[in-house]
Peer 1: 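Supplied in structure tokens, the structure appears directly below.
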Amino acid sequence: MPLLALSTTSTVDAPSPAAPRAFSLSDLALIFVVIIWGTNYTVVKEALSTFPPMAFMALRFGLAAAAMAVVLHTREGWKPLPRATLLKLVVLGLLGNPLYQLCFLMGLAHTTAANSGMLASGTPVVTALLGAALGVDRLRRPLAMGLALAVPGMLLIVSARGPELDASTRQGDFLILGASLCWAIYTVGIRSLGTELSALRITALTMITGAPGVVLMGLPSVMDLKLESIGPGAWFGVVYSALIPLVLAYVVWNRSVQAVGSSRTAIYNSGTPVVAALTAWLVRGERPTWTQALGAVLVISGVLISRRR
């Protein structure tokens, strides 16, 4: 509406401020996913004190893919799909699983944990921009304002670990950015499939097509495992991180993407570092700083603002 119209003496009431959307089941489901993924950092960190990273990754994805195949067969059965849809699922499976995992793990091996957290914090922005560019989602003003708060909040949380961007970490930094792009494309791609396929079928088929690549990458490390040196806690980490963060959380995430869109779903992911920091504080005694607390406030504020109509 033109500003001139607002300055007249019309008796029409001024529009009320944008009200937040009522919390839906999709919002609660996304909070549930954020809690799972945030606490999983501590579970995985404990397991990796025993497991080599590549072996852990292979066993985790192999178990998750097998579980997804059983669940899909039990709940919906195997149904033929159009060739174009199947091809898209295969591509998304490769992007969201082996390629993402390879970029992330190799990136982390050549850069610092702080750098990886800082660079990955831009994933919600990349997802929103990509969704808008492809016409999959609209980049609404509340969402843009929410991202403007949530992303700096994520940066404040990970900055406590001291990121350092220089030539020695450049290769790893670019790989982490590649991992973020893979996840953004995966999320937007799920949205572009529409609602013709269930979230369970999408999750199962993308994981089943992507898991072999992950397993093959980690197979040499699995063959070198000394089973006698692996305790029950480490095995629990493999099973838990496969069945809960990968199987259960992926299904819920993909269902939420279908329901509310890739951009709105992606901004909730900015809450994962908040949960991770709180879990590390409670379980590992890693006390958060005031900078991280401020970052958490910005993230939560950003998510709330993004939900305005």
Side-chain angles (χ1 to χ4, degrees), residues 29-30 32-48 50-78 86 88-106 108 179 182-183 185-187 189-190 193 197-223 225 227 230 232-258 265 269 272 275-276:
L30 287 169
F32 175 64
V33 170
V34 166
I35 292 173
I36 289 176
W37 284 347
T39 54
N40 188 53
Y41 277 89
T42 297
V43 175
V44 171
K45 191 168 185 177
E46 292 292 331
L48 289 180
T50 303
F51 271 103
M54 296 299 288
F56 178 85
M57 179 185 70
L59 291 171
R60 179 191 184 205
F61 268 86
L63 177 59
M68 285 302 312
V70 171
V71 173
L72 178 63
H73 177 72
T74 303
R75 296 289 300 274
E76 298 184 7
W78 300 94
L86 183 59
K88 182 177 286 189
L89 287 170
V90 170
V91 172
L92 291 176
L94 294 174
L95 281 171
N97 292 292
L99 190 55
Y100 168 80
Q101 290 294 326
L102 179 64
C103 286
F104 182 77
L105 285 176
M106 295 304 294
L108 197 57
C182 286
W183 185 254
I185 296 173
Y186 173 82
T187 301
I190 295 300
L193 289 170
L197 297 178
S198 70
L200 172 60
R201 187 168 297 277
I202 291 173
T203 308
L205 294 179
T206 54
M207 190 167 292
I208 290 169
T209 57
V214 179
V215 173
L216 287 174
M217 285 190 294
L219 189 59
S221 185
V222 172
M223 299 299 292
L225 281 178
L227 298 181
I230 302 174
W235 286 115
F236 169 80
V238 172
V239 175
Y240 172 85
S241 65
L243 300 184
I244 306 302
L246 279 185
V247 174
L248 178 59
Y250 263 55
V251 172
V252 175
W253 175 268
N254 291 341
R255 181 175 296 172
S256 300
V257 170
Q258 289 181 313
T265 304
N269 207 16
T272 302
V275 178

Peer 1: Which heavy atom of Y186 sits nearest a heavy atom of L92, and at what distance?
Peer 2: CD1-O, 3.4 Å
Peer 1: What heavy-atom pair brings S198 and E76 nearest, and what distance separates the two atoms?
Peer 2: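 Nearest heavy atoms, S198 then E76: OG-OE2, 2.7 Å.
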Peer 1: Before you tell me yes or no, could you show the steps for V91 and I185 under side-chain contact (heavy atoms from CB on, under 4.5 Å), namely the whole-Å CA-CA distance, both residues' side-chain angles and the distance that decides it to 0.1 Å?
Peer 2: CA-CA 10 Å; V91 172; I185 296 173; over 6 Å; no
Peer 1: Can you list the steps and then say if L225 with L59 is a side-chain contact (heavy atoms from CB on, under 4.5 Å)?
Peer 2: CA-CA 11 Å; L225 281 178; L59 291 171; 4.0 Å; yes
Peer 1: Would a 4.5 Å heavy-atom cut-off, applied to side chains only, mark P245 and Y240 as touching?
Peer 2: yes
Peer 1: Rounded at 0.5 Å granularity, tell me how far CG in L72 sits from CG in L205.
Peer 2: 6.0 Å
Peer 1: Does W235 have any side chain to side chain donor-acceptor pair (under 3.5 Å) partners at least two apart in sequence or in another chain, and if so, which?
Peer 2: none
Peer 1: Once the angle between the rings of W183 and Y100 is folded into 0 to 90°, is it parallel (under 30°), tilted (30 to 60°) or perpendicular (over 60°)?
Peer 2: tilted
Peer 1: Could you go step by step and tell me if L94 and L99 meet the side-chain contact (heavy atoms from CB on, under 4.5 Å) rule?
Peer 2: CA-CA 6 Å; L94 294 174; L99 190 55; 5.8 Å; no
Peer 1: Looking only at heavy atoms, what is the nearest atom pair of T209 and G93, with distance?
Peer 2: OG1-CA, 3.7 Å
Peer 1: I need the S256 OG to I190 CD1 distance, nearest 0.5 Å.
Peer 2: 12.0 Å
Peer 1: When you compare the side chain of M68 with that of V251, does any pair of heavy atoms fall below 4.5 Å?
Peer 2: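 Side chain of V251 against side chain of M68, heavy atoms only: contact under 4.5 Å found.
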Peer 1: Spell out, as yes or no, whether a donor-acceptor pair under 3.5 Å connects the side chain of N97 to the backbone of T206.
Peer 2: yes
Peer 1: Once side chain to side chain donor-acceptor pair (under 3.5 Å) is applied, do any residues pair with T203, and if so which ones, sequence neighbours excluded?
Peer 2: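 T203: side chain to side chain donor-acceptor pair (under 3.5 Å) contacts with N254.
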Peer 1: Mind checking the CE-CZ spacing from M217 to F61? Nearest 0.5 Å is all I need.
Peer 2: 8.5 Å
Peer 1: Looking only at non-hydrogen atoms, find the nearest pair between A242 and A64 and report the distance.
Peer 2: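 That would be O-CB, 3.7 Å.
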Peer 1: Only counting residues at least two apart or in another chain, list the ones meeting ring pair (Phe, Tyr, Trp, His ring centres under 6.0 Å) with F56.
Peer 2: none
Peer 1: Of all heavy-atom pairs between C182 and L95, which one has the smallest distance, and what is that distance?
Peer 2: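 Closest approach of C182 to L95, heavy atoms only: CB-O, 3.5 Å.
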Peer 1: Nearest heavy-atom pair of M207 and Y250: which atoms, and what distance?
Peer 2: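 Closest heavy-atom pair between M207 and Y250: CE-CD2, 3.9 Å.
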Peer 1: Without swapping roles, check the side chain of R201 against the backbone of G77 for a donor-acceptor pair under 3.5 Å.
Peer 2: yes
Peer 1: Within the structure provided, determine whether L248 and L243 are in side-chain contact (heavy-atom separation under 4.5 Å).
Peer 2: no
